[in-house]
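Letters go in sequence order (proteins before strands), and every chain restarts at 1. Just so it is clear, the model here is predicted, and its values are computed rather than measured.
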There are 2 protein chains.
Amino acid sequence: MTSSKFVHIVNFWLKSDLTKEQILNFEKGLKSLKDIESITYFNIGTPANTHRPVIDRSYSYCLLTVFADETGHDVYQNHPIHLSFVENCKQYWEKVVVFDNVSV
Amino acid sequence: MTSSKFVHIVNFWLKSDLTKEQILNFEKGLKSLKDIESITYFNIGTPANTHRPVIDRSYSYCLLTVFADETGHDVYQNHPIHLSFVENCKQYWEKVVVFDNVSV
């Protein structure tokens, strides 16, 4: 039986003039997302120290969340914790790129 | 204690003129990577049916692998299964973008 996990990857580019405190606020906001119940796998990362032409290191943070299915992802999108994160932290980023994909 | 998981995300853009058989060969190659022992989390996905301006759906496949640490990732890079995948399947893609990141 093939699973149909839903992978939601978000790369954030933070504004370049943030203070350390603002960056910590952003990180705290990201970490708050972990408590959303429908998440089955979670990670927050910053670019690794790997350097090859195919590697994009231009983003500031990579948020990785996985859900059992698309319904789990929808619960996350509308969850108060997620809405609060966007409301409080959107001031910190200048660009966001999302890669949503489902298992094959 | 903070973990330092190593997340290795690879987005592949396949050539546009592949046959179904070639695409299946590519998928089979991707799936073979799952057997590399140092992988702690693994997924292969294709773009989900979500549509917002921030969502990039231009890639063909997203490979998600996670390792306990950078050493686990290095084992993967040099593993015969991975080298064989690259050798056999590089003919199928026209572009690859990698996001390597470590847990914060």
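Shown here for A/D17 and A/Q22, the closest heavy-atom pair between the two residues is O-OE1, 4.2 Å. When all heavy atoms are compared, the tightest approach of B/K5 to A/F42 is NZ-O, 3.5 Å.
Grouped with B/V7 in one hydrophobic cluster are A/V7, A/I9, A/W13, A/Y41, A/Y59, A/L64, A/V66, A/V97, A/F99, B/I9, B/W13, B/Y41, B/Y59, B/L64, B/V66, B/V97, B/F99, the linkage being side-chain heavy-atom contacts under 4.5 Å among Ile, Leu, Val, Met, Phe, Trp and Tyr residues.
For residues 47-57 of chain A, a heavy-atom distance under 4.5 Å to chain B picks out A/P47, A/A48, A/N49, A/T50, A/R52, A/V54, A/I55, A/D56, given by residue number. The stretch residues 68-94 of chain B places B/E70, B/H73, B/Q77 near chain A, each with some heavy atom under 4.5 Å from a heavy atom of that chain.
For the pair B/L18 and B/F26, the minimum side-chain heavy-atom distance is 4.5 Å or more.
The line from OG1 of A/T46 to CD of A/E27 is 8.0 Å long, rounded to the nearest 0.5 Å. Rounding to the nearest 0.5 Å gives a distance of 6.0 Å between CG of A/N25 and CD of A/E21.
Contact tally against chain B (heavy-atom pairs below 4.5 Å) for A/V102, A/V96, A/I44, A/N101: the top residue is A/N101.
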All N/O donor-acceptor pairs, side-chain side in residues 29-36 of chain B, below 3.5 Å, sequence neighbours left out:
unit_1	atom_1	unit_2	atom_2	d
B/S32	OG	B/G29	O	2.5

(request) Mind running side chain to side chain contact (heavy atoms under 4.5 Å, CB included) on A/N11 and A/Y61 for me, showing each step along the way? (result) CA-CA 6 Å; A/N11 286 346; A/Y61 284 85; over 6 Å; no
